[in-house]
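Only one structure is covered here, and it is reproduced in the block below.
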Amino acid sequence: MFLEVENLTSGYGGSTVLTGVNLSLDKGAALAVLGRNGVGKSTLVMTLAGLVRPLSGSIRCDGTELAGKRPDQIARSGVGLVPQGRRLWKTLSVQEHLELSALRRRPSSSSRPRWTLDRVFTAFPRLAERRRHLGAQLSGGEQQMVAIARALLTNPDLVILDEPSDGLAPAVVDRIGEVLRELRVEGVAVLLIEQDLHLAFAVCDDVAVMAKGQVVHSCATADFRRDPETAHRLLGVA
Amino acid sequence: MSAWFDANLVSILNGAAIGCLLFILAIGLSLVFGMMDVLNLAHGAIFLGGAYVGWKVGGAAPTWASFLLALGVAVLLGLVAGGVLSAMTEPLRNRSHLDQALLTLGIALVVAELLSMAFGNDVRGVNAPPGLDGSVSVFGNAYPTYRLMLIGVGAVLAAGMWLLVSRTMIGAVIRGTVADREMISAIGIDNRKVKLAVFAAGSALAAVAGVLGGPIYGARPGLDATVLILALVVVVIGGLGSVRGALVGALIIGQIESLGRALFADAASFVLFGALAIVLVLRPQGLFAGATR
């Protein structure tokens with residue numbers, strides 16, 4: 001297994017949000033983490049990225065223990081983060097976002113072409129046109145492209161995305177789905193936290209559903225789609 | 001108008017000189033507070049340390065060599081002091097401003113007491129270096145050459161800082177850290193190193209300001225608290241973590257301290273905090289909050 005999370009507990013200011021999360025991910029695999037609002041999906045993302053300190057449990061990535069490490073160490077171990085709400089630096093231009101993200105870029109693994117600014121502009125031509133604009137002047141879709149490009153430019157082995165489709169037009173969501181599928185082909189693992197089942201189903205071959213701070217159901221995406229009753233019970237959607 | 005200008009020209013120039021000095025002092029305070037959310041009340045003590053370095057190393061009547069040596073020593077001491085302060089405040093990273101204020105105020109008091117024990121309670125006046133210790137005629141008014149030079153140094157430093165912060169990758173790291181430091185760490189940059197570097201550089205600038213301010217204020221006990229309060233007001237007025245805000249705030253406070261006191265002599269001690277109160281009511285986040293450039 002490339003990523004193995006065991007009995008991970010975590011929370012903010014004395015309250016426990018994650019009460020023992022278990023999940024695993026193969027190299028180049030994609031897992032969708034689903035669940036209603038408030039079940040701890042974003043806390044899971046923040047804990048995996050090191051922005052919230054885990055209380056107990058382990059996060060092993062490519063054989064390295066990441067639990068308890070600083071966020072910059074985790075990023076340099078090959079974990080790229082696309083956070084909820086995109087969180088661009090509002091006083092930096094698109095170009096500066098990209099150059100900054102490439103600053104501590106890891107040497108790419110032998111099998112993969114490394115991410116460069118040119119490659120980002122090929123994947124997202126729109127960003128080339130907007131390179132002089134500040135983060136705050138971009139549309140939601142453009143902001144999301146910058147947020148994804150920022151994670152990719154660190155040359156990650158695992159990309160964690162927290163609701164990338166939030167508030168975006170379907171065409172933009174489709175483009176994001178294409179990029180994520182291309183990443184998988186290169187062997188990059190994808191952990192996708194989503195409300196939008198469309199995107200989750202299009203990208204991921206496995207599904208994990210969270211409730212009350214734990215993963216309560218995991219299965220193959222295909223099985224999940226064939227069983228709308230379970231989906232409805234777990235997510236409150238058809 | 002021209003009579004008014006003639007009568008107040010010296011006050012205006014004094015205000016500009018004080019403003020430039022305050023900018024050099026306040027920029028470090030503003031960036032550390034804006035970037036790392038660390039309130040450093042020991043900043044004034046570093047300024048005073050720099051002023052004593054100017055007197056001790058440069059001498060009461062410095063030559064150019066001893067004046068420049070004093071600046072060099074001040075830079076080194078400032079870098080070290082900033083590094084130590086950065087390390088000492090690190091455990092309080094996620095604690096309240098009150099905790100940070102107590103720690104750094106405690107450090108400031110200890111440093112002030114040590115300086116007083118080492119250098120006594122007399123005012124240690126320092127001359128400007130040769131060539132700058134005279135005065136020149138500005139629109140018919142005799143004005144100290146050194147203060148004019150201070151305005152020039154301030155302008156050069158402000159331009160340099162602006163270029164550094166707005167045009168370089170170092171500046172992009174600084175602006176990104178002010179905007180969202182968690183995301184800076186999420187692309188693999190260690191926040192602690194950024195904080196250490198900015199703390200050290202800002203403290204070095206504060207110590208340099210101390211040496212440069214020596215010929216104006218003289219090194220004396222209590223100067224640390226005076227300049228700390230001025231620098232805090234500059235930061236509040238200009239907005240946190242912004243070079244432009246620190247510059248504009250410093251120039252405004254410089255004029256208030258000089259021209260304001262000259263025009264409203266009766267209310268001299270109220271002018272500064274009156275201006276602060278007005279800004280806090282109208283724009284509590286400061287004039288340039290979050291602009292960074």
Side-chain angles (χ1 to χ4, degrees), chain A residues 12-13 45-53 69-107 115 134-136 143 146-156 159-162, chain B residues 30-31 34-37 86 90-91 93-96 99 161-198 238-246 285-293:
Chain A
Y12 306 85
V45 171
M46 297 296 270
T47 309
L48 291 178
L51 293 169
V52 172
R53 262 188 110 76
K69 290 217 168 144
R70 293 193 313 270
D72 57 289
Q73 293 172 315
I74 292 175
R76 293 198 301 275
S77 318
V79 179
L81 173 66
V82 183
Q84 189 170 38
R86 344 228 211 262
R87 292 177 68 169
L88 300 194
W89 300 293
K90 61 176 193 260
T91 48
L92 266 66
S93 69
V94 170
Q95 178 89 11
E96 285 175 324
H97 273 86
L98 304 181
E99 284 178 4
L100 205 55
S101 308
L103 211 57
R104 301 302 310 267
R105 174 167 44 189
R106 309 161 68 236
W115 279 92
L134 296 182
Q143 287 186 18
V146 175
I148 292 173
R150 180 167 66 178
L152 293 181
L153 279 166
T154 63
N155 275 329
V159 181
I160 305 175
L161 304 96
D162 194 349
Chain B
S30 174
L31 285 181
M35 285 172 77
M36 294 300 171
D37 213 21
S86 180
E90 189 58 36
R93 167 56 87 57
N94 295 317
R95 304 272 285 274
S96 71
D99 292 354
M161 286 296 299
W162 185 82
L163 282 176
L164 177 79
V165 171
S166 66
R167 291 287 139 88
T168 66
M169 280 320 280
I170 293 174
V173 173
I174 291 176
R175 277 179 287 135
T177 307
V178 172
D180 188 339
R181 70 168 177 270
E182 282 192 346
M183 284 314 298
I184 288 289
S185 66
I187 55 162
I189 296 173
D190 189 348
N191 284 154
R192 297 173 312 167
K193 286 185 188 158
V194 179
K195 176 186 161 200
L196 176 71
V198 172
L240 289 175
S242 153
V243 173
R244 196 170 49 181
Q285 72 275 39
L287 299 176
F288 294 96
T292 320
R293 294 170 199 235

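Note: hydrogens, waters and symmetry copies are ignored here, and every other heavy atom, side chains too, is used. Below, chain A is the first sequence line, B the second, and so on; all start at residue 1. Predicted model, so just to flag it, every value in this text is computed and none were measured.
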Residue pairs passing the salt bridge (Lys or Arg N to Asp or Glu O under 4.0 Å) test where at least one lies in residues 146-155 of chain A, sequence neighbours excluded: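 For residues 146-155 of chain A: none.
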Set of side-chain hydrogen bond (donor to acceptor under 3.5 Å, both in side chains) partners for Arg86(A), sequence neighbours left out: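 With sequence neighbours excluded, Arg86(A) shows a side-chain hydrogen bond (donor to acceptor under 3.5 Å, both in side chains) to Gln144(A), given in chain and number order.
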Contacting moiety of Arg70(A), where chain B heavy atoms sit under 4.5 Å: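 For Arg70(A), side-chain heavy atoms alone lie under 4.5 Å from chain B.
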Side chain, backbone, both or neither of Ser101(A) within contact of chain B (heavy atoms, under 4.5 Å): both
Nearest 0.5 Å, what's the [atom1]-[atom2] distance between [X] and [Y]?
X	Y	atom1	atom2	value
Ile74(A)	Ser185(B)	CD1	OG	9.0 Å
Leu103(A)	Ile170(B)	CG	CD1	10.0 Å
Asp72(A)	Glu182(B)	CG	CD	12.0 Å
Ile187(B)	Leu100(A)	CD1	CG	4.0 Å

Met169(B) vs Glu96(A) side-chain heavy atoms within contact, under 4.5 Å: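 In short, these two side chains do not touch, never coming nearer than 4.5 Å.
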Any Leu81(A) side-chain heavy atom under 4.5 Å of Met183(B) side chain: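 When only atoms from C-beta onward are counted, Met183(B) and Leu81(A) do touch, with a gap below 4.5 Å.
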Residue pair Gly176(B) / Leu92(A): nearest heavy atoms and the distance that separates them: N-CD1, 3.6 Å
Heavy-atom closest pair, residues Arg87(A) and Asp180(B):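 Smallest heavy-atom distance, with atoms named: NE-OD2, 2.8 Å.
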Arg93(B), CZ: over 12 other non-hydrogen atoms inside 6.0 angstrom: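 More than 12 within 6.0 Å, yes.
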Under 3.5 Å: donor-acceptor pair, side chain of Trp89(A), backbone of Thr177(B): no
Heavy-atom donor-acceptor pair, Arg104(A) side chain to Ile189(B) backbone, under 3.5 Å: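 Checked: no pair found.
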Pairs of heavy atoms under 4.5 Å with chain A: top-ranked of Asn191(B), Val173(B), Asp190(B):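 Highest number of heavy-atom pairs under 4.5 Å: Asp190(B).
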